[in-house]
Amino acid sequence: MSLTLTDILAARAAIRGVADHTPFVPSPFLSDRIGQDFLLKLENMQPIGAFKLRGAMNAVMSIPDGTAGVTCCSTGNHGRGVAYAAAKRGIRAVICMSELVPQVKVDGIRALGAEVRIVGQSQDDAQEECLRLVGADGLVEISPFDDAKVIAGQGTIGLEMLEARPDLQTILVPLSGGGLAAGVALAAKTIRPDIRVIGITMERGAAMYAALRAGHPVEVDEVPSLADSLGGGIGMDNKLSFAMCRDLLDDTILVSEEEIRDAMQVLFFEDRIVAEGACVVGIAALLAGKLPQATGPMATIITGRNLDMGMFLALMAGKDVHLGELTIRGKTYGT
Ligand SMILES: *Cc1c(COP(=O)(O)O)cnc(C)c1O
């Protein structure tokens with residue numbers, strides 16, 4: 001199955017009224033820095049605080065009438081998206097999680113109207129329960145990134161960016177399972193074949209980066225990172241997002257935890273935006289001098305805002321932050 005711009009246009013119609021057009025605004029600080037317009041696509045303004053609602057809504061709208069409901073085992077933004085989308089369509093959603101998931105995440109998903117099923121001690125146990133529900137209850141599983149409808153939904157972001165600024169030269173896309181990068185690159189490159197789309201991710205546990213270098217999906221260890229929404233594997237039996245990222249991305253770049261910290265501070269102190277570590281990887285690469293010189297307008301996607309505010313405030317105040325075995329040293333902004 002091969003996706004085209006037609007699927008992305010259909011997705012836009014399917015998600016209208018739920019996951020709508022978000023603002024696309026210049027960052028004066030970053031524009032000044034590169035001597036070109038630098039634009040931010042504010043997906044942190046979606047109703048669930050992240051872009052994943054687009055793909056989830058498109059997938060939920062596409063399942064046939066009479067289907068019992070949907071399920072997934074994401075505890076992050078995709079789980080929120082599926083919960084919200086299912087409530088909008090008025091169908092059952094069951095989000096499977098392990099016992100290790102913090103209560104606040106459980107409560108957050110329940111508040112969106114979904115059932116939460118807590119099983120086992122690992123993400124693998126949660127995934128098993130998900131598959132059991134597909135068999136036993138007739139629920140449809142929605143993958144966070146390796147699903148044609150999800151990729152087409154995320155692609156509507158690229159469509160909106162190119163419609164607003166057909167002169168964009170480069171798009172920096174936060175990269176994890178690659179659904180976002182695949183959809184955005186497909187939309188952007190169909191409209192403007194010469195545009196550059198660069199996937200950016202963190203050094204710690206970058207599954208797609210490792211897979212693209214190996215030429216096939218590989219297992220990576222899941223480790224704590226400020227960009228926690230970019231963690232997780234791409235699936236050893238990946239069907240769509242790996243090949244699309246391989247064929248459509250011009251480059252993939254890694255950034256360190258310190259570079260992510262610095263970029264979160266820049267986005268907060270200069271643009272006054274509260275954003276997850278996952279969103280700022282493009283800005284981090286830019287500030288670290290890891291991108292080629294911009295000779296035209298550049299943009300990135302502020303993908304989400306769902307983070308621990310205690311951690312965020314500590315980071316902004318220049319305090320040390322501990323994530324599992326990882327310590328991110330504090331740094332006061334502007335020093
Ligand atoms: C899921 C997610 C990403 C990455 O999207 P993929 O389609 O998995 O590559 C980036 N940022 C945030 C905030 C996310 O939730």
Side-chain angles (χ1 to χ4, degrees), residues 3 19 22 40-56 58-59 72-84 105 108-109 142-158 171-187 197-202 205-212 217 220 222 225-235 238-246 248-249 252-253 255 260 263-264 267 273-284 300-308 312:
L3 277 165
T22 50
L40 307 171
K41 181 68 171 159
L42 298 183
E43 288 299 304
N44 53 317
M45 313 267 283
Q46 289 289 357
I48 60 150
F51 74 92
K52 287 229 172 51
L53 182 55
R54 294 183 188 248
N58 193 40
C72 72
C73 69
S74 157
T75 60
N77 290 324
H78 178 64
R80 296 170 85 105
V82 168
Y84 189 93
K105 289 203 170 184
I109 300 261
I142 301 178
S143 158
F145 51 83
D146 199 24
D147 176 291
K149 294 289 177 186
V150 169
I151 293 172
Q154 323 304 31
T156 59
I157 299 170
I171 302 179
L172 310 173
V173 188
L175 178 65
S176 176
L180 176 65
V184 167
L186 177 63
V197 182
I198 303 177
I200 324 248
T201 191
M202 71 297 193
M208 183 63 86
Y209 181 92
L212 290 171
V220 294
E222 224 175 300
S225 165
L226 283 174
D228 58 319
S229 284
L230 302 184
I234 67 164
N238 187 293
K239 297 182 294 295
L240 281 170
S241 67
F242 170 73
M244 288 181 75
C245 286
R246 181 192 62 205
L248 292 168
L249 293 182
T252 46
I253 293 174
V255 292
I260 294 170
M264 286 174 81
L267 195 63
I273 294 172
V274 175
E276 295 180 37
C279 312
V280 302
V281 289
I283 297 169
T300 194
I301 305 162
I302 305 303
T303 46
R305 60 158 192 240
N306 296 318
L307 43 55
D308 182 299
F312 180 78

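Basis for what follows: all heavy atoms, side chains included, without hydrogens, waters or symmetry-related copies. Starting from 1, each residue takes its place in the sequence as its number. As the structure lists them, so they are numbered: ligands from 1, and atoms in each ligand from 1.
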Tell me if a side-chain donor or acceptor on [X] pairs with a main-chain N or O of [Y] at a distance below 3.5 Å.
| X | Y | answer |
| --- | --- | --- |
| Glu276 | Leu307 | no |
| Gln46 | Phe51 | no |
| Thr201 | Leu175 | yes |
| Asn238 | Ile234 | yes |

Check ligand 1 for close polar pairs with the protein: N or O on both sides, less than 3.5 Å.
from, atom 1, to, atom 2, distance (Å)
ligand 1, 7 (O), Gly179, N, 2.9
ligand 1, 7 (O), Leu180, N, 2.8
ligand 1, 8 (O), Gly177, N, 2.9
ligand 1, 9 (O), Ser176, N, 2.8
ligand 1, 9 (O), Gly177, N, 3.3
ligand 1, 9 (O), Gly178, N, 2.8
ligand 1, 11 (N), Thr303, OG1, 2.8
ligand 1, 15 (O), Lys52, NZ, 2.7
ligand 1, 15 (O), Asn77, ND2, 2.8

How many angstroms lie between atom OG1 of Thr300 and atom CD1 of Ile283, to the nearest 0.5 angstrom?
->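 Going from OG1 on Thr300 over to CD1 on Ile283, the span is 6.0 Å.
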
Does atom NZ of Lys41 have more than 12 heavy-atom neighbours, drawn from other residues, nucleotides or ligands, at distances under 6.0 Å?
->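 Enclosed: over 12 neighbouring heavy atoms sit under 6.0 Å from NZ of Lys41.
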
